[in-house]
There are 2 protein chains.
Amino acid sequence: MLMSDAIAEMINNLLRESNGSLEIKRNDLAEKMGCVPSQINYVITSRFTPERGYIIESRRGGGGYIRIIKKEMHKDEYLMHSFYAIGDAIDAASAAAIIRNLADNKLITAREQAIMLGAVSPKALEKLASGENIVRADIMRQQILALMK
Amino acid sequence: MLMSDAIAEMINNLLRESNGSLEIKRNDLAEKMGCVPSQINYVITSRFTPERGYIIESRRGGGGYIRIIKKEMHKDEYLMHSFYAIGDAIDAASAAAIIRNLADNKLITAREQAIMLGAVSPKALEKLASGENIVRADIMRQQILALMK
DNA sequence: ACAGTTTAGATCAAAGATAGTCAAAGTCAA
DNA sequence: TTGACTTTGACTATCTTTGATCTAAACTGT
């Protein structure tokens, strides 16, 4: 088996044992698996992405760690739908419509709606020379990803 | 647990017991915790910063002390404070710190924090050729304005 | 009051402990 | 053969711990 797959399997086992959330020492795990530490990063970036439902947190220095959290997927379908509805670029009006939909469907609160609208408002992006709709799409995607946590 | 975290926890406990304001003897605390005195300074500088709402006062010499005060701000005050803390441009780490403060001080929920973070994450702004920090500042301001409504 | 001594916190830089990034080299299937 | 995926390791960034040295405040004897 591929080293990266073995590492991923190890992490998955640990996740299962620990009920969906765990902390590892990068160097320890690397040593246990017999690989270089940076390969742990590779495995995490390639397989434990937010898109696949994982949250990663880490800290360097003494007592450093990497925390991996598996979030429960269930009512995220609507969010997924919105996520893909955004596309590569989106204008302010369409963005507002999508956000309003989320609110209408009780996926976000009124306050959350206001925050999201603020972040993608023309005012927020006024300094952009160009590509406003592309950046707006990226921002929205990150916001929706944040909701799926 | 990490020594610095243990010290921070100790201070937090004392703060809670004493209702938001306390005085410690640096050397005594260091001895109690089993660390060098200067580590107390390190913990204070890294975790009890004014940015996080703490005021530090101290005195040297006989009867010296370090006083730590947790400052309570009112919501509007805090939002204003954050708004101005942003400045014309802001990097991702500083933005995260400000957002985290809002959450720590119960001005936003964990979900709102996640949304705000998402919107100003490097990932959300990765398409920008330049001026990332300027756009980030604008986005943050609009998000905070949304909270003041 | 003054000078010298003692007490106690501040500062800073070096060393230690971790994790992240990036690009080059390797592998493998289409 | 090419392109995607994997493996490595050098270099970087961040956080923590420690101790030497500096500075300020209080105390003491005259």
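Just so we're on the same page: letters track the sequence lines, and every chain starts at 1.
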Would you mind reading off the distance between B:Glu31 atom CD and C:dA8 atom P, rounded to a whole angstrom?
12 Å
Do the side chains of B:Ile66 and B:Phe48 get nearer than 4.5 Å, heavy atoms only?
no
A:Tyr42 OH - C:dG26 P separation (whole Å)
17 Å
Outermost DNA chain D nucleotides near chain B [under 4.0 Å, heavy atoms]:
D:dC15 to D:dA26
Contact class for B:Arg47 vs. all strands (heavy atom < 4.0 Å): base, sugar-phosphate, or nothing?
sugar-phosphate
Does this structure show an ion pair linking A:Asp91 with A:Arg136, if we count only N-O contacts that are shorter than 4.0 Å?
no
Look at B:Arg52 together with B:Asp104 and state whether they make a salt bridge at an N to O cut-off of under 4.0 Å.
no
Calculate the interatomic distance between B:Arg67 atom CZ and C:dA8 atom C1'; express it in whole Å.
16 Å
Taking atom CD of A:Glu31 as the centre, does the number of heavy atoms from other residues, nucleotides or ligands within less than 6.0 Å exceed 12?
no
Report, as a single string ordered 5' to 3', how protein heavy atoms within less than 4.0 Å touch nucleotides 11-25 of chain C: B base, S sugar-phosphate only, - not at all.
B-----BBBBB----
If you measure from OG on A:Ser46 to CG on A:Asn41, what distance do you get to the nearest 0.5 Å?
10.5 Å
If hydrophobic clusters are built from ILVMFWY residues whose side chains come within less than 4.5 Å, do A:Ile69 and A:Leu147 share one?
no
Can you check whether A:Ala146's main-chain N or O pairs, donor with acceptor, with B:Arg111's side chain at less than 3.5 Å?
no
Tell me if the CD1 atom of A:Ile98 is crowded by more than 12 foreign heavy atoms within 6.0 Å.
yes
